[in-house]
Amino acid sequence: MKAHLLTIGDELLIGQTTNTNAAWLGEELSLLGVSIERSVTVGDEADTMRRELDRAYDEVPLVITTGGLGPTHDDVTRSVVAEYFGKDLVRDPELMQRIRDYYERRERSMPEKVKALADMPEDFETLKNPVGTAPGLWYQERADDRERILAVLPGVPPEMKAIFNAAVRPRLTERTDLRDVQHRTLQTTGIGESNLQEEIGDLSDLLSDTLHLAYLPSTSGVRLRLTAYGTDPEAAEAQLDRLEARLRERAGRYIFGTGNDTLEGVLGDLLRERGLTVAVAESATGGYLGHRLTRFGGSSDYFRGGVIAYANAVKQSLLGVAEADLIEHGAVSKPVAKRMAEGVRDALDADIGISTTGIAGPGGGTPEKPVGTVWIGYAGPDTTAARRVHFLDDRQLNKELFSTSALEMIRRHVLRRAAQPDA
Ligand code: ATP
Ligand code: MG
């Protein structure tokens, strides 16, 4: 089944809001086997919307829109789609009551404009909104042997996703004209997209029209998405097996998980299984590493706590970093990273100490230590180590990348220990 996406909103055009709806829907729909032929963004402008609807239905049966569904004057999607299909807007009493209840429960008076949220184009269905009052809209018709389906979703991302999952996804999965598609995801970390591609090397003997590989980078690593198309599920599985085997053979040491695994989740399980605890000494990551290590319930099994040692004086007084090392090598250095890790391991009585000391930016870089430089220190039960990594110019991204490197360093060392148990 072929589709067009139409994301609506002036704020998207002028770059005030990043169009995450198009990205999210694009991925979800393609995973379902819907082929997106075009994804268009328009402002809150009725004529343009009409033109895009015309063009879409010339080419495909399914159009999904987001945005402009609210009650304010710039929200024109509702009236445009009603008019496009020649339907009148009719106030839905049940919806009206839900909106009234919403305001009564909150003891707030209902603004007049909000009533527009209960206006439904005739013959349209409402798509239940599990997280808010305003529903999405659904319309389907078959005329002159041509099918036209429209799903109208709100712009607010959590509401859009909730309605899609609750009401659009089930309507689409029951169709028979979806592309037969199977996916598999391998999660890698500790290597950039281009280097990973180089390690993996040529795959032209495997990849084809029916077997695709996508590299999806994020600050936690690069996701490898393997996709096989074909009506024979066993043949598709076999293709995916062959590709996965090749990827593991070439880049296995970077692969930490599959599906929706997260690095912090996989690491947490590994630590729990080995009965090891961790403490963090954070300078450059400012607490972000501790945040990630406590992301999942049950993290007290392996997380002891940490010291946010941002000032050099704290590195000295709480972690035992030597003044001489600070003077001679600077705070962003191997000896300081190592000492921070050992210091926090001992102070918090953990098996493993891990530290970050770096230059997140935007200022503070030097020719020898440019912005994006970080030293990660590791102090395990029997080894101490440190490694330097270089990342970007962006402060927030750097904090995420530094913490990913630290998590990965723990994972590597624990796995290495496991390979030689009583080392
Ligand atoms: P509302 O009832 O809140 O007005 P709406 O359906 O009219 O809902 P919009 O007014 O278009 O939605 O957008 C509401 C919010 O959702 C805005 O903050 C906007 O930035 C955000 N938003 C809209 N479209 C997108 C998009 N494509 N990607 C990410 N965020 C979006
Ligand atoms: Mg709006």
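One-based numbering, in listed order, for ligands and for the atoms of each.
- Residue contacts with ligand 1, taken as heavy atom pairs separated by less than 4.0 Å, involve D75 solely via side-chain atoms from C-beta onward.
- Heavy-atom distances between T72 and ligand 1 stay at or above 4.0 Å for every pair.
- Side chain of R175 to backbone of R171: no donor-acceptor contact under 3.5 angstrom is found.
- Residue pairs meeting the ring-ring contact (aromatic ring centres under 6.0 Å, His included) criterion with at least one partner in residues 119-160, sequence neighbours excluded, are F85-Y139, F124-Y139.
- Residues satisfying the salt bridge (charged side-chain N to carboxylate O under 4.0 Å, His left out) criterion with R345, sequence neighbours excluded, are absent altogether.
- The closest approach between a heavy atom of T18 and any atom of ligand 1 is below 4.0 Å.
- For a threshold of 3.5 Å applied to N or O pairs, the pair formed by G70 and ligand 1 contains at least one separation below that value.
- For atom 31 (C) of ligand 1, the nearest non-hydrogen atom from the set G155, P158, A23 comes from G155.
- Residue N21 has at least one N or O atom closer than 3.5 Å to an N or O atom of ligand 1.
- Of all the atoms in ligand 1, the ones that sit under 4.0 Å from a non-hydrogen atom of L69 are 5 (P), 6 (O), 7 (O).
- Atom numbering of ligand 1 starts at 1 in the shown order; those under 4.0 Å from a heavy atom of T17 are 20 (O), 29 (C), 30 (N), 31 (C).
- Ligand 1 places these atoms under 4.0 Å from at least one heavy atom of N19: 26 (C), 27 (N), 28 (N).
- In the candidate list A22, G68, P154, G68 is nearest to atom 11 (O) of ligand 1, counting heavy atoms.
- Of the listed residues (I191, L224, T189, N195), just one forms a side-chain contact (heavy atoms from CB on, under 4.5 Å) with Y254, and that residue is I191.
- The CZ atom of R412 sits 10.0 Å away from atom OG of S405, with the distance rounded to the nearest 0.5 Å.
- Aromatic pair Y229/H212: ring centres closer than 6.0 Å.
- At a heavy-atom distance under 4.0 Å, atoms from both the backbone and the side chain of V156 approach ligand 1.
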Going through the checks in order, is the side-chain contact (heavy atoms from CB on, under 4.5 Å) test met by L6 and I64?
-> CA-CA 6 Å; L6 186 56; I64 298 182; over 6 Å; no

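- A salt bridge does not link K2 with D177: none of the charged nitrogens is closer than 4.0 Å to a carboxylate oxygen.
- Ligand-side atoms of ligand 1 in range of T20: 28 (N), 29 (C), range being under 4.0 angstrom from any heavy atom.
- Salt-bridge annotation for R98 and D101: absent, with no side-chain N of the basic residue lying under 4.0 Å from a carboxylate O of the acidic one.
- Look at G9 and you'll find every heavy atom at least 4.0 Å from all atoms of ligand 1.
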